[in-house]
Chemist: 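Dropping the structure in here first, questions after.
Every heavy atom of this structure was used, including side-chain atoms; hydrogens, water molecules and symmetry mates were not. Here is how names work: the chains are called A, B, and so on, in the same order as the sequence lines, proteins then strands, and each is numbered from 1.
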Amino acid sequence: MQREGVCFVGYGETAYIRPKGEDRSPLRYMAEAIRLALDNSGLQKKDIDGLALISTTHPDDSPFVAEQLGMELDWLLRADFGGASAVISARRAADAIQLGQIQVAVCVGADVFRPVVPLMRAYPRVNYIEPFGYGGPNSLFALTQRRHMAMYGTTREQLGKIAVSVRRNAELNEHALFRTPMKMEEYLNARVVSDPVRLYDCVMPCSGAAAFVMTSESKAKQITNNPIYLVSDGEKSNYRVEDINTDWTVTGLRGISKELFTRVRHKEIDFVEIYDDYPIAILMQLEDLGFCPKGDGGKFVDSHDLTVEGDFPVNTGGGQLSGGQPGFAGGHLHVVEALRQLKGEAGTHQVKGARTGLVTGIGLLGYNVNLCSWSAMILQGDRAW
Amino acid sequence: MVTEDFTKKPLPAITDIDREFWDGVNNNKLVVQKCLDCNTLQFFPRPVCVHCFGEKLGWQEVKGTGKVYSFTIVTVPRSPAFRKQVEQTGTPIIFAAIDLDEGIRMMSQIVDCKPGDVQIGSKVKAIFELVEGTDFKVPKFRLEK
């Protein structure tokens, strides 16, 4: 849908880390990210009247989480859309702000990479995937990647260009977990995990949290001279699920790209933050967002420079592939990076002229569908950096 | 910390919804849900028909023949017991999505062949294999000659 009068005013994130010994509680990560987001926006804790959160490794009901954080709220949401939770939280918060239910919402994700509580697992996975020796999400994405390679001639070199380019972006980003340069040969010759997926196709789990603050346009203008507007947004759950033999190379973003690009055109997008558990996920999303025809993702990647210095910057902070995947806070990492760019605060990895950015969030591997949750939004500032 | 069991292969947690399927497998039959209202087949078994919400679901035996939709050669399985198997045998697991001839897709394992023998589109047929250390069978697939 198209939005009027809803803005982003701040963001915060913890370090993304893999502690060797005992880790902090996800709640502490969460509190730190919220505090940093408030500092960045110039707001105080008492200004928050809405909270959207996701933390699978702290599976308390959301009111108990808010109680422990000492937050009185008029609006509360536990997002359960996996990696799509950040964008979908932003949509729900925007609804509440537009309706006048709340003034200021914080959307936060926080997770640790070694769960302290065993998580409840889904019936289709337990009964119809795990007994057959799969390798977790790596194998499910491997099935899709092989299919895409076979149908469209997509090559590992093309996927490698994505991995190597986002690593280049991470080199410039002090928040990223992996900042050592990666050569194409290292990508191509990495250890096989679930062929054709190899080590550097896989996202690395870590601990961390990220948060962002949203408010009405009028309130935003009181506290900042650079509000970031939510222009358009959409989400799709279980795209074509009734089609029992659905094409796994197609993503749910195909179902929302038209409404996303009603007011902003593709060529106006200065950078994209694409949810990246695997390079193939980025490639398929670029196709279904309409940046190129279906199946031409490989050619598109070949013909563009994807680094922050390039003509089509992708995952300007290194994304999760090089930044680390803090559980389901991974989606929030992308939103925070987009806001950092649009506020002109990205320093050495600032995209020149960044004014309009696109963020996606995808999550929850399905059985009949490739992924259950797909979401995206376009953000725009008043000025280009 | 979640503890890992290296001895037991993962088994399904059978419910009233899918008992018929697993009973079939353990009698060397592949049976799938069929909606008695709209006659559509579906897999995996679930409480209602995905097309019409119909609750009257029967079961139909399928031939167990189909083609490989896609596959992956798993060198690092998620389950510790499968990981141990791969380490001990030096043979990775071939995990695949199979499109059955009746028009439904299921995920399973392809066995009794080398990874290099499998291709997208390869013809396969279901077999019923005991999970080691148990008297419980799961459906796997073999390449058809």
Chemist: More than 12 heavy atoms of other residues, nucleotides or ligands under 6.0 Å from CG of Asn27(B): yes or no?
Modeler: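 Enclosed.
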Chemist: Decide if atom CD of Glu55(B) counts as having more than 12 heavy atoms of other residues, nucleotides or ligands within a radius under 6.0 Å.
Modeler: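 Count not over threshold, so no.
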Chemist: Within a 6.0 Å radius of atom NZ on Lys137(B), are there more than 12 heavy atoms belonging to other residues, nucleotides or ligands?
Modeler: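 More than 12 within 6.0 Å, yes.
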Chemist: May I ask you to check whether Thr72(B) and Ser139(A) show a side-chain donor-acceptor distance below 3.5 Å?
Modeler: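 Thr72(B) vs Ser139(A): no donor-acceptor pair found between side chains.
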Chemist: So how far is it from Phe132(A) CZ to Met107(B) CE, rounded to the nearest 0.5 Å?
Modeler: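 Rounded to the nearest 0.5 Å, the CZ-CE separation comes out at 10.0 Å.
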Chemist: So, taking the atom named OH in Tyr367(A) and the one named CE in Met106(B), what distance separates them when rounded to the nearest 0.5 Å?
Modeler: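 One finds 5.5 Å between OH of Tyr367(A) and CE of Met106(B).
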Chemist: Relative to each other, are the rings of Trp248(A) and Tyr69(B) parallel, tilted or perpendicular (30° and 60° limits)?
Modeler: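 Trp248(A) vs Tyr69(B) ring planes: perpendicular.
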Chemist: For the residue pair Pro137(A) and Arg78(B), establish whether any side-chain heavy-atom pair is separated by less than 4.5 Å.
Modeler: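 Touching, per the 4.5 Å side-chain cut-off.
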Chemist: Taking NZ in Lys294(A) as the centre, count heavy atoms belonging to other residues, nucleotides or ligands within less than 6.0 Å. Is the count above 12?
Modeler: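 Yes, because the 6.0 Å sphere around NZ of Lys294(A) holds more than 12 heavy atoms from other groups.
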Chemist: State, yes or no, whether a side-chain contact exists between Val192(A) and Ile73(B) at a heavy-atom distance under 4.5 Å.
Modeler: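 No. Closest side-chain heavy atoms not under 4.5 Å.
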Chemist: Take a 6.0 Å sphere around NZ of Lys140(B) and say whether it holds more than 12 heavy atoms from other residues, nucleotides or ligands.
Modeler: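 Enclosed.
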Chemist: Name the member of Val76(B), Val131(B), Ile93(B) that forms the most heavy-atom pairs with chain A at distances under 4.5 Å.
Modeler: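 The answer is Val76(B).
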Chemist: Quick one: does Asn368(A)'s side chain get under 4.5 Å of Gln42(B)'s, heavy atoms only?
Modeler: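 Counting from C-beta outward, Asn368(A) and Gln42(B) never come under 4.5 Å.
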Chemist: Distance-only, no hydrogens or angles: does the Arg146(A) side chain make a donor-acceptor pair with backbone N or O of Phe71(B) under 3.5 Å?
Modeler: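 Confirmed, Arg146(A) side chain pairs with Phe71(B) backbone.
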Chemist: Please check if the number of heavy atoms outside Lys56(B) that lie under 6.0 Å from its NZ is greater than 12.
Modeler: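 No - once you tally the heavy atoms of other residues, nucleotides and ligands closer than 6.0 Å, there are 12 at most.
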Chemist: Can you tell me how far apart SG (Cys52(B)) and CD (Glu242(A)) are? Round to the nearest 0.5 Å.
Modeler: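 Between Cys52(B) SG and Glu242(A) CD, I get 9.0 Å after rounding to 0.5 Å.
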Chemist: Can you find a pair of side-chain heavy atoms, one from Asn245(A) and one from Asp99(B), that are under 4.5 Å apart?
Modeler: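 Yes, close enough: below the 4.5 Å cut-off.
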Chemist: Taking side chain as everything from C-beta outward and backbone as N, CA, C, O, which of these in Asp23(A) sits under 4.5 Å from a heavy atom of chain B? Side chain, backbone, both or neither.
Modeler: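 For Asp23(A), no heavy atom lies under 4.5 Å from chain B.
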Chemist: Identify which of Thr40(B), Leu41(B), Ile14(B), Val74(B) forms the greatest number of heavy-atom pairs closer than 4.5 Å to chain A.
Modeler: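 Counting heavy-atom pairs under 4.5 Å, the top option is Val74(B).
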Chemist: Please work out whether the ring planes of Trp22(B) and Tyr128(A) are parallel, tilted or perpendicular, with thresholds of 30° and 60°.
Modeler: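 Answer is parallel, since the angle falls under 30°.
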Chemist: With respect to chain A, which residue among Asp18(B), Ile120(B), Ile104(B), Val86(B) yields the maximal number of heavy-atom pairs within a distance under 4.5 Å?
Modeler: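 It is Asp18(B).
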Chemist: Could you tell me whether Arg18(A) atom CZ has more than 12 heavy atoms of other residues or ligands within 6.0 Å of it?
Modeler: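 Above 12, so yes.
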Chemist: Side chain from CB out, backbone as N, CA, C, O: work out which of these in Pro45(B) comes under 4.5 Å of a heavy atom of chain A, or both, or neither.
Modeler: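 Contact with chain A: backbone and side chain both.
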Chemist: Is it the side chain or the backbone of Phe21(B) that comes within 4.5 Å of chain A heavy atoms, both, or neither?
Modeler: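 Only the side chain of Phe21(B) comes within 4.5 Å of chain A.
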Chemist: What distance separates Arg125(A) CZ from Phe44(B) CZ, expressed to the nearest 0.5 Å?
Modeler: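 Arg125(A) CZ to Phe44(B) CZ: 12.0 Å, rounded to 0.5 Å.
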Chemist: At a heavy-atom separation under 4.5 Å, does Pro92(B) approach chain A through its side chain, its backbone, both, or neither?
Modeler: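 For Pro92(B), there is no contact with chain A at all, as no heavy atom is under 4.5 Å.
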